[in-house]
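Only this structure's heavy atoms are used, side chains among them; waters, hydrogens and symmetry mates stay out. Letters A, B, ... mirror the listed sequences (proteins, then strands); counts begin at 1.
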Protein chains: 2
Amino acid sequence: MELQLVNERRRPAYAAQRLAEFAERCRAGGLAVTPQRIAIIKVLLDSAEHPRADAICAAVRKQHPHVSLATVHRTLETLCEIGEARKVTMLHDSARYDGNLTPHHHVVCIKCRCIRDIEIPQLDRILAGRSELGEFTVLGSSLEIHALCERCGAKAAKRATGGVGRSQRKQKSSK
Amino acid sequence: MELQLVNERRRPAYAAQRLAEFAERCRAGGLAVTPQRIAIIKVLLDSAEHPRADAICAAVRKQHPHVSLATVHRTLETLCEIGEARKVTMLHDSARYDGNLTPHHHVVCIKCRCIRDIEIPQLDRILAGRSELGEFTVLGSSLEIHALCERCGAKAAKRATGGVGRSQRKQKSSK
DNA sequence: TAACCAGATGATAATTATTACCATCTAGGA
DNA sequence: TCCTAGATGGTAATAATTATCATCTGGTTA
Ligand SMILES: [Mn+2]
Ligand SMILES: [Mn+2]
Ligand SMILES: [Zn+2]
Ligand SMILES: [Zn+2]
């Protein structure tokens, strides 16, 4: 039974721990410890919902009614950058379509967002014949492997070894 | 080596096969076989890029310069509904944040989009110690299990057994 | 084949999520 | 306490997607 829902009772202790370390982590990341940032990470740590920015903003405003939605967006992005939060998927900016119906998964470059198909028969085997997961009825799955593609990896390496630090933007197909 | 890039040489044959069956599949789904739909699925089948609607539209317009972007969006959605295409992730509408940094994955209800944490130590083992994948440098991963939650599953069952067919919308946190 | 019409399309407006701006504020160091 | 780089709030701008609606057409029927 190597596939199960995470026990939600662990959350309060985990959240308390993380919150206690938060100010220190901000300083380590060169960030000011502002009341907004504290309020936002508190809401995030206490939630099991994997909330959107607007929901987090609404929750934060119960205590700090003045907080701006823009600040919530910025802060969440910042938290992800210093590794204090993550996004459920990094492919949330726009819909990406796939005509390949054979069971497969994807590698995604975290810089340029290029995507390639991969096969993981082992994974498919783990999930096959598994139709229940707690209160959920399983229908399918999709693994997203986070990676650096060759081009982006090369650029990162060059930058690190003293190459010209030319900044790079997310790849947008055709604009 | 149970984890590898899909061989791209298979694509042309696969695309040809799917295209040949396409008209038939449309009829089976009760859809008209329009030149726009054919052009769109062609582009999608020929692409390894997992393209966005705008990129697909641009490609289609090389042959049919009149096609509307709205039609491309609608058609892609339709193709997903009849199972002729899929989205790389179903969580593309907005960013969902997670404060839980322990390695874990997610079950997502395809109807209301609620998300819960799951653990799959076996999967983590498959990926651990795997740092290269073709030309990609692996950094991490995230599995998205598609499912029906208890509430949505119950509603679907009730509808099927003759309950009042009340339509249901995607859950939007707080609006 | 011609006439018909439900469903499909194109053009455009509206909506939603996110980011950009910029004037003002403040955390944290001197 | 004073100073300033960085943070915030309010709002405009951008980008992706959906809604609307007048017009068109694939596929069925006579
Ligand atoms: Mn794919
Ligand atoms: Mn999670
Ligand atoms: Zn890349
Ligand atoms: Zn649900």
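- Of the possible donor and acceptor atoms, one in the side chain of A:T75 sits under 3.5 Å from a partner among the backbone N and O of A:T71.
- Protein atom CG of A:L69 is 14 Å distant from nucleotide atom C1' of D:dA12, rounded to whole Å.
- Side-chain nitrogen and oxygen atoms of A:Q36 include none within less than 4.0 Å of the OP1 or OP2 phosphate oxygen of C:dT26.
- Among C:dA11, D:dT8, D:dT17, the nucleotide with an atom closest to any side-chain atom of A:T71 is D:dT8.
- A:K87 has its side chain out of reach of A:L76: every pair of non-hydrogen atoms, C-beta onward, lies at least 4.5 Å apart.
- The nearest whole Å value for the distance from the CZ atom in A:R27 to the P atom in C:dA27 is 13 Å.
- At D:dT8, one or more side-chain N or O atoms of A:T34 fall inside 4.0 Å of OP1 or OP2 (strictly under the cut-off).
- Taking every side-chain heavy atom of A:H73 into account, C:dT19 is the closest of C:dT9, C:dT19, D:dG10.
- Heavy atoms of other residues, nucleotides or ligands lying less than 6.0 angstrom from CD of A:Q63 number 12 at most.
- Remark: P of C:dA17 and CZ of A:R52 are 7 Å apart, rounded to the nearest angstrom.
- No side-chain donor-acceptor contact under 3.5 Å links A:H105 and A:D117.
- Distance CZ (B:R61) to P (C:dA11): 8 Å, rounded to an integer number of Å.
- Looking at the side chain of B:L31, the nearest of the listed nucleotides D:dT17, C:dA8, C:dT18 is C:dA8.
- Residue B:E81 places its CD atom among more than 12 non-hydrogen atoms of other residues, nucleotides or ligands, all under 6.0 Å distant.
- Nucleic acid contact class of A:A32 (heavy atoms, under 4.0 Å, all strands): sugar-phosphate only.
- Checked against C:dT18, D:dT8, C:dG10, the side chain of A:H92 finds its nearest nucleotide in C:dT18.
- Checking C:dA20, C:dA11, D:dT8 against every side-chain atom of A:R37, the shortest atom distance belongs to D:dT8.
- Of the candidate nucleotides D:dT17, D:dG10, D:dA19, D:dT17 has the atom nearest to the side chain of A:A95.
- Residue A:R74 places no side-chain atom within donor-acceptor reach of the base of D:dG6, judged by atom type and a 3.5 Å distance cut-off alone.
- Between the P atom of C:dG7 and the CD1 atom of B:I82 lies a distance of 15 Å, rounded to the nearest Å.
- In the helix from C:dT1-D:dA30 to C:dA30-D:dT1, the terminal helix axes, each the rotation mapping four pairs' C1' atoms onto the next four within five end pairs, subtend 30°, rounded to 10°.
- One interatomic measurement links the two molecules: CZ of A:R113 to P of D:dA16, which rounds to 13 Å at whole-angstrom precision.
- The main-chain N or O of B:K62 is never found under 3.5 Å from a side-chain atom of B:H64 such that the two would form a donor-acceptor pair.
- Taking the six-membered ring where the residue is Trp, A:H50 and B:H106 present perpendicular rings, their angle passing 60° and hence far from 30°.
- Contact between the side-chain N/O atoms of B:H66 and the OP1/OP2 oxygens of C:dG10 is found at a separation under 4.0 Å.
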Go through B:T89 and B:E144 one step at a time and tell me if the side chain to side chain donor-acceptor pair (under 3.5 Å) criterion holds. CA-CA 8 Å; B:T89 173; B:E144 181 179 304; 2.8 Å; yes
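- For A:I38 and D:dA7, the CD1 to C1' distance is 13 Å, given to the nearest whole Å.
- Comparing B:Y97 and B:V72, the nucleotide of DNA chain C nearest to each residue sits closer to the 5' end for B:V72.
- Between B:V33 and B:E77, the residue whose closest nucleotide on DNA chain D is further toward the 5' end is B:E77.
- Remark: P of D:dT8 and CG of A:L76 are 11 Å apart, rounded to the nearest angstrom.
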